[in-house]
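The structure appears below as structure tokens.
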Protein chains: 2
Amino acid sequence: MSQTRPGKRERLVAAAAEMVYRQGVAPTTLAHIAEAADVPLGNVYYYFKTKEDIVGAVVQARAEQLEATLAELEARHRTPKTRLKALVDMLADRADETALYGCPYGTLATELSKRPDGTNPLATHLMGLLINWAERQFQQLVRRDARDLAIDLVAAYEGAAVLASTLAQPDLMARHSRRLRAWIDAQPGRPTA
Amino acid sequence: MSQTRPGKRERLVAAAAEMVYRQGVAPTTLAHIAEAADVPLGNVYYYFKTKEDIVGAVVQARAEQLEATLAELEARHRTPKTRLKALVDMLADRADETALYGCPYGTLATELSKRPDGTNPLATHLMGLLINWAERQFQQLVRRDARDLAIDLVAAYEGAAVLASTLAQPDLMARHSRRLRAWIDAQPGRPTA
DNA sequence: GTCTATAAAACGATAGAC
DNA sequence: GTCTATCGTTTTATAGAC
């Protein structure tokens with residue numbers, strides 16, 4: 001049996017996700033996706049009825065990837081603060097890519113929320129994953145304003161990503177991650193773990 | 001003489017700017033722009049050679065509008081802190097639109113910086129206007145880290161705008177603007193004015 | 001399930017009359 | 001300067017052979 005590489009559907013979604021991240025939804029054509037995934041153009045329609053279906057699959061893939069990442073952070077670190085700092089570190093590790101294409105979730109969600117159709121729930125869901133996870137961490141610090149703190153944290157990261165990509169300055173992410181780490185450390189509240 | 005409404009070029013740029021803000025660059029077609037500006041499609045090419053030229057004009061228009069706004073803020077308020085707070089208030093006043101379409105500068109700059117061509121300088125210029133203006137205000141507070149403070153301020157706003165539009169929550173802007181006002185007030189440094 | 005060929009539509013851009 | 005008609009391309013999507 002030959003080396004089994006990922007199925008075509010998976011290859012298509014992976015290629016689409018990467019291209020959507022780098023150039024945005026609209027400029028990404030089915031032909032380019034098919035070529036990058038090494039799948040004939042006509043065959044794409046066996047797996048996805050329309051382009052919008054592919055975009056939906058891309059969003060879902062990003063969401064699942066984010067969920068998996070957050071779950072792993074939660075398993076690997078035992079206190080809310082170390083988890084939150086690990087998240088910040090992880091995002092800062094992608095500084096170079098972020099300076100080129102922005103936050104993979106933020107830029108996608110921003111584009112989705114500009115759509116006329118009701119694709120917006122997808123955007124809300126995507127950012128909700130990140131915010132809700134952070135909120136749970138702050139709740140474990142017994143903070144009553146956990147939701148607001150979570151939103152502050154995610155907003156700070158998204159803002160840094162916007163500026164890093166707009167100004168093409170990767171180091172901006174490093175400076176902001178230090179700031180966020182210090183902010184997390186300075187948070188009052190006793191861990192319940 | 002009949003009521004003179006704005007020239008066709010101005011109408012085209014204004015219509016393009018609005019549509020680009022609401023749906024993004026790529027999905028905005030020349031036909032839609034022409035229709036919204038009440039100009040026949042073929043006539044568009046008398047004023048702009050290519051679609052990219054229109055996008056360039058849109059960015060320039062946004063930049064000029066922002067420069068005018070900042071200049072007015074500077075004229076109307078006499079201390080750096082009141083100017084910065086007036087900026088924050090101004091941005092917060094657009095909360096409803098921001099929750100629908102994001103920051104007019106941030107979303108445009110984000111889209112531009114994803115382009116393959118070197119359209120990126122336009123994005124840098126646009127965000128640079130805001131950052132440089134804020135930096136000058138912090139410099140007047142005799143802060144040596146004026147640049148970093150300016151970036152922090154703008155990043156906080158952009159992050160809030162991303163979340164407000166993604167989650168479709170206008171009130172998120174109000175909360176963040178209060179936070180930013182308090183942060184500005186708490187800044188040390190004596191005004192030189 | 002797979003792939004080629006092609007239809008159908010949308011879009012950027014131009015020609016040329018007025 | 002203005003506008004209609006239309007070209008040429010790109011892109012989404014389908015038909016139909018294998």
Side-chain angles (χ1 to χ4, degrees), chain A residues 1-59 108 111-112 114-119 122, chain B residues 1-61 108 111-112 114-119 122:
Chain A
M1 212 194 296
S2 70
Q3 266 283 62
T4 36
R5 59 173 175 173
K8 294 190 178 179
R9 204 196 131 94
E10 284 74 18
R11 294 212 307 274
L12 284 168
V13 174
E18 188 62 22
M19 300 191 67
V20 162
Y21 175 43
R22 297 200 188 183
Q23 32 173 287
V25 174
T28 296
T29 70
L30 294 174
H32 277 92
I33 296 173
E35 192 192 350
D38 197 27
V39 170
L41 176 57
N43 201 354
V44 170
Y45 289 91
Y46 175 75
Y47 298 96
F48 301 97
K49 248 196 261 300
T50 68
K51 183 184 175 181
E52 216 183 292
D53 283 355
I54 297 195
V55 174
V58 165
V59 177
L108 180 54
E111 210 172 348
L112 289 177
K114 289 219 179 202
R115 301 200 138 189
D117 21 318
T119 323
L122 290 177
Chain B
M1 211 196 297
S2 69
Q3 266 282 60
T4 36
R5 60 173 172 173
K8 293 190 179 179
R9 204 195 133 93
E10 284 76 16
R11 295 212 307 276
L12 284 169
V13 174
E18 187 63 20
M19 300 191 66
V20 161
Y21 176 42
R22 296 198 189 184
Q23 32 174 287
V25 174
T28 296
T29 71
L30 293 174
H32 277 92
I33 295 173
E35 192 192 350
D38 198 26
V39 169
L41 175 57
N43 201 355
V44 170
Y45 289 91
Y46 176 75
Y47 297 96
F48 302 96
K49 248 193 261 299
T50 67
K51 184 185 174 179
E52 215 183 292
D53 283 355
I54 298 194
V55 173
V58 165
V59 177
Q60 203 195 334
L108 180 54
E111 210 172 349
L112 290 177
K114 288 219 181 202
R115 298 200 143 192
D117 21 320
T119 322
L122 289 178

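In what follows, chains carry the letters A, B, and so on, assigned in the order in which the sequence lines appear, proteins first and then strands, with residues in each chain numbered from 1.
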Atom pair distance, as rounded to whole Å: [atom1] in [X] and [atom2] in [N]:
X      : N       : atom1 : atom2 : result
E35(B) : dT4(D)  : CD    : P     : 13 Å
L41(B) : dT6(D)  : CG    : P     : 14 Å
N43(A) : dT6(C)  : CG    : C1'   : 17 Å
Y47(B) : dG1(D)  : OH    : C1'   : 7 Å
Y46(B) : dC3(D)  : OH    : P     : 12 Å
L12(A) : dC3(C)  : CG    : C1'   : 14 Å
L30(B) : dC7(D)  : CG    : P     : 19 Å
I33(B) : dC11(C) : CD1   : C1'   : 12 Å

For Y45(A) and dA13(D), is the shortest distance between a side-chain N/O and OP1 or OP2 below 4.0 Å?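 For dA13(D), OP1/OP2 do have a side-chain N/O of Y45(A) under 4.0 Å.
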Within the pair K8(B) and dC3(D), is there a side-chain N or O less than 4.0 Å away from OP1 or OP2?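 Looking at the OP1 and OP2 atoms of dC3(D), one of them is under 4.0 Å from a side-chain N or O of K8(B).
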Strictly distance-based, threshold 3.5 Å: is any side-chain N or O of K8(A) a donor or acceptor partner for the main-chain N or O of D38(A)?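 Not a single qualifying donor-acceptor pair exists.
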Starting from the 5' end of DNA chain D, give me the residue, T29(A) or G42(A), whose nearest nucleotide shows up first. T29(A)
Q60(B) atom CD, over 12 foreign heavy atoms within 6.0 Å: no
Enclosure of E10(A) CD (heavy-atom neighbours >12, cutoff 6.0 Å): yes
Name the nucleic acid region contacted by F48(B), choosing base, sugar-phosphate or nothing; use a 4.0 angstrom heavy-atom cut-off, strictly under. nothing
Step by step, work out the side-chain contact (heavy atoms from CB on, under 4.5 Å) result for I54(A) and L12(A). CA-CA 8 Å; I54(A) 297 195; L12(A) 284 168; 5.8 Å; no
